[in-house]
Chemist: 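Dropping the structure in here first, questions after.
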Number of protein chains: 2
Amino acid sequence: MSLQALKQRALKNPDVKSEYEKLENEFHFIDQLIGMRIKAGLTQQQVAEKMHTQKSNISRLERGNANPNWSTLSKYAQACGFELTLTVQRSSST
Amino acid sequence: MSLQALKQRALKNPDVKSEYEKLENEFHFIDQLIGMRIKAGLTQQQVAEKMHTQKSNISRLERGNANPNWSTLSKYAQACGFELTLTVQRSSST
DNA sequence: AGCAAGGTTATCATAGATGATAACTTCACA
DNA sequence: TGTGAAGTTATCATCTATGATAACCTTGCT
């Protein structure tokens, strides 16, 4: 599934759309996950192998309401040939 | 043998290198966590209250070999008045 | 039609992250 | 002195992310 497709599908749900602002962060980093894999030209199966896990777990990570730990994020990125950095900025609102 | 030389020699071992980078990453983002709190001028107790948890858990997060999930990272950042972004860059080596 | 690749979903077990409480050390200060 | 604030450590319970397996759905191809 493409990034656009993911977003568009999510936004078709009105509730989801109303919650979009709140969840934007989560959608964002899931998009980044998928984006890394797509840019790397890898299948879930291939990423799973590099992470020494199963493709179903990769699917869950990309589709479920993921709350992965840092280790999982790093491994996924590394499997796709990327590195992660945690960027911090002062919160504008809230 | 100097420390530098020792370090460089050690890093030629791929296993050691990956371990080292892993540790470096963890140190890095833990530093960022503490940095956020210090810049915000907050105590662990205060952050704990904003996160609706205990100060001992904050200490563990900052001192233990932490592998927090995204939700915990976000809450911590928000409690300190910051927002987190996952930054992705192509892996140079590996 | 059959077949395989890519992805999704369901389920279970287990490891480990988090929540909660208590006791402890330092340090600063009255 | 001692009193409180700040942080650390230990421990236990609970929650949940992850690992693993299997069945399923599309889609594209022959």
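Treat the numbers as computed from the prediction; the structure is a model and nothing was measured. Side-chain atoms are counted along with the backbone in the values below, which use heavy atoms only and exclude waters and symmetry mates. We name chains A, B, ... by the order of the sequence lines, and we start the count at 1 in each one.
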Chemist: Let me know the distance between CG of B/L61 and P of D/dT9, rounded to the nearest Å.
Modeler: 14 Å
Chemist: Residues from residues 41-52 of chain A sitting under 4.0 Å of DNA chain D, heavy atoms only?
Modeler: A/H52
Chemist: Between A/F29 and A/P68, what is the shortest heavy-atom contact and its length?
Modeler: CZ-CD, 3.6 Å
Chemist: What is the separation between atom CD1 on B/I58 and atom C1' on D/dT8, rounded to the nearest whole Å?
Modeler: 13 Å
Chemist: Strictly distance-based, threshold 3.5 Å: is any side-chain N or O of B/R37 a donor or acceptor partner for the main-chain N or O of B/L42?
Modeler: yes
Chemist: Would you say a side-chain N or O of B/S59 is under 4.0 Å from OP1 or OP2 of D/dG7?
Modeler: no
Chemist: Would B/Q44 and B/E62 count as a side-chain hydrogen bond (donor to acceptor under 3.5 Å, both in side chains) here? Give the steps.
Modeler: CA-CA 9 Å; B/Q44 291 182 348; B/E62 293 182 358; 3.0 Å; yes
Chemist: Using a cut-off of 4.0 Å between protein heavy atoms and nucleotide atoms, how would you tag nucleotides 24-30 of chain C 5' to 3' with B, S and -?
Modeler: -------
Chemist: Taking 4.0 Å as the cut-off, does a side-chain nitrogen or oxygen of B/N67 come that near to OP1 or OP2 on C/dA17?
Modeler: yes
Chemist: Keeping the roles fixed (side chain from B/Q54, backbone from B/A48), state whether a donor-acceptor pair exists under 3.5 Å.
Modeler: no
Chemist: Are the side chains of B/M51 and B/Y76 in contact, using a 4.5 Å heavy-atom criterion?
Modeler: yes
Chemist: List every contact pair, protein side and nucleotides 28-30 of chain D side both N or O, where the distance is under 3.5 Å.
Modeler:
none

Chemist: OP1 or OP2 of D/dT16 sitting under 4.0 Å from any side-chain N/O of B/N69?
Modeler: no
Chemist: Mind checking side chain to side chain donor-acceptor pair (under 3.5 Å) for B/T72 and listing every partner two or more places apart, or none if nothing turns up?
Modeler: B/N69
Chemist: OP1 or OP2 of C/dG19 sitting under 4.0 Å from any side-chain N/O of B/Q54?
Modeler: no
Chemist: Give every pair of a protein N or O atom and an N or O atom of nucleotides 10-12 of chain D that lie under 3.5 Å apart, one pair per line with the distance.
Modeler:
none

Chemist: Starting at atom CG of A/N65, determine the distance to atom P of D/dT18, rounded to an integer number of angstrom.
Modeler: 13 Å
Chemist: Need the bend value for the helix from C/dA1-D/dT30 to C/dA30-D/dT1: angle between end axes, 5 pairs each end, nearest 10°.
Modeler: 30°
